[in-house]
Amino acid sequence: MDLGRINEFALEMIFDAGKYIRASFSQELIIETKSDFKDIVTNIDREIEQFFVNKIKMRDPSHKILGEEGMGDNIVTLDGPVWIIDPIDGTMNFVKQHRHFLISIGFYVDGEGKLGYLYDVMRNEIIYAIRGEGAFIDHRRIRKLMPLTIEEAVIGINASWVIPNDKINHEKMIQLIKKVRGTRSYGSAAMEISLVVTGKLDAYLSMRLAPWDVGGGMVIAEEVGAVTSNLKGKPFNLLTHDTFLIANPSIHKILLDQFIELK
Ligand code: IPD
Ligand code: CA
Ligand code: CA
């Protein structure tokens, strides 16, 4: 399998999708809710996923697709070549802010991440990785993450986990927030992952993410030395929803051992 050729194909497809999304702001968006009133989707999310599915199937019908909007295949195993796609990660930001949303794509073969893409559509900034060859931001190599202490860390966390909740010990989250240098919350898992792999954040954690939120970012993480896992310290399960942690290697274990206590 020629990963270089597939990478060129993926980059072209992603840049074309970006142009389509930017042009969509001149039309009226159709916004619908999914599982609850906070979970929204637009016609553009669906059109972009369909665009990716058409392109991939036209190039090689044997490739399978796991996409958020369900335009791809019904994936029950990661055997063979599988594309994991979130056409717009941060739909709420897309609708409300017209910025801070990303296209997130991972290409896996037999469960092993080969190519990963995080494309900030409005900034026109692409971060991608080719397994074993490194990670790149706008074609410049991203250097490996530098070690740091927990006191120096800036972490991505949603405010919901600092108030009493049924998923995680919020008292420990308060201790964590007191301990670190700062916290941020961006409303797009793909964006928070893109910030961790480029050293602009030092960790990001979430109580529930889907394969398409992290599939692209996990390949990039591997190439820069960021550590990913679920909040039990086990590998993230790419076939279902799971908890998620990505961190600079020098603080990943400290976060799990000292601050993260699931209920
Ligand atoms: C969502 C965003 C958000 C995260 C949610 C995701 P979507 O993705 O990544 O930051 O907290 O869990 O579902 O729905 O905008 O693709
Ligand atoms: Ca998403
Ligand atoms: Ca999405």
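The figures here come from the full heavy-atom set of this structure, side chains too, leaving out hydrogens, waters and symmetry mates. For reference, positions follow the sequence shown, starting with 1. Counting starts at 1 for both ligands and their atoms, in listed order.
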The Ca ion (ligand 2) -> D89, closest N, O or S atom is OD1

Has D213 got an N/O/S atom less than 3.0 Å from the Ca ion (ligand 2)? yes

So which heavy atom in the protein is nearest atom 7 (P) of ligand 1, and how far is it from that ligand atom? G90 N, 3.7 Å

State whether the side chain of E261 and the backbone N or O of I168 hold a donor-acceptor pair below 3.5 Å, judged by distance alone. no

SB check D73 K57 (cutoff 4.0 Å): yes

Checking one value in my table: which N/O/S atom of E68 lies closest to the Ca ion (ligand 3)? OE1

Do E112 and K114 meet the salt-bridge criterion of a basic N to acidic O distance under 4.0 Å? yes

What residue and atom, counting heavy atoms only, is the protein's closest point to atom 3 (C) of ligand 1, and at what distance? G187 O, 3.8 Å

Below 3.0 Å, any N, O or S contact between G90 and the Ca ion (ligand 3)? no

Only heavy atoms of R208, strictly under 4.0 Å: list the atoms of ligand 1 that pass. 12 (O)

Quick one: does any side-chain atom of K263 pair with a main-chain N or O of N165 as donor and acceptor, under 3.5 Å? yes

Is it true that E151 and K179 have a side-chain N and a carboxylate O under 4.0 angstrom from each other? yes

To check your reading of the model: name the closest protein heavy atom to atom 8 (O) of ligand 1, its residue, and the distance in Å. D89 OD1, 3.1 Å

Distance filter under 4.0 Å to S188 heavy atoms, resulting ligand 1 atoms: 9 (O), 10 (O)

Is the contact between A189 and ligand 1 made by the side chain, the backbone, both, or neither, using heavy atoms and a 4.0 Å cut-off? both

Could you tell me which non-hydrogen atom of P87 sits nearest to which non-hydrogen atom of E69, and how far apart they are? CG-CG, 4.1 Å

Member of W212, Y108, F107 meeting the ring pair (Phe, Tyr, Trp, His ring centres under 6.0 Å) criterion with W83: F107

Give the numbers and elements of all ligand 1 atoms closer than 4.0 Å to a heavy atom of T91. 15 (O)

The N/O/S atom of D86 lying closest to the Ca ion (ligand 2) is OD2

Heavy atom of N93 under 4.0 Å from ligand 1? no

For ligand 1, which is the ligand I care about here, please tell me if E68 has any N or O atom under 3.5 Å from one of the ligand's N or O atoms. yes

Tell me the closest heavy-atom pair linking L238 and L66, and the distance in Å. O-CD2, 3.9 Å

Does L118 offer a backbone N or O that forms a donor-acceptor pair with the side chain of D89 under 3.5 Å? no

When you look at D45 and T91, which way does the side-chain hydrogen bond (donor to acceptor under 3.5 Å, both in side chains) test go after all the steps? CA-CA 8 Å; D45 297 62; T91 298; 2.7 Å; yes

Given side chain to side chain contact (heavy atoms under 4.5 Å, CB included), test S194 with L102 step by step and report yes or no. CA-CA 9 Å; S194 78; L102 277 76; 4.2 Å; yes

Between D86 and ligand 1, find which residue part has any heavy-atom pair under 4.0 Å and reply side chain, backbone, both or neither. side chain

In terms of residue, atom name and distance, what is the protein heavy atom nearest to atom 5 (C) of ligand 1? L209 CD2, 4.3 Å

One residue to check: D213. Relative to ligand 1, which of side chain, backbone, both or neither has a non-hydrogen atom less than 4.0 Å away? side chain

I'd like to know if M92 contacts ligand 1, where contact means a heavy-atom distance under 4.0 Å to any ligand atom. no

Answer yes if a protein heavy atom lies under 4.0 Å from atom 11 (O) of ligand 1, otherwise answer no. no

Would you check if the side chain of D213 reaches a backbone N or O of A189 as a donor-acceptor pair within less than 3.5 Å? no

Using a strict cut-off of 4.0 Å, indicate which atoms of ligand 1 neighbour a heavy atom of I88. 16 (O)

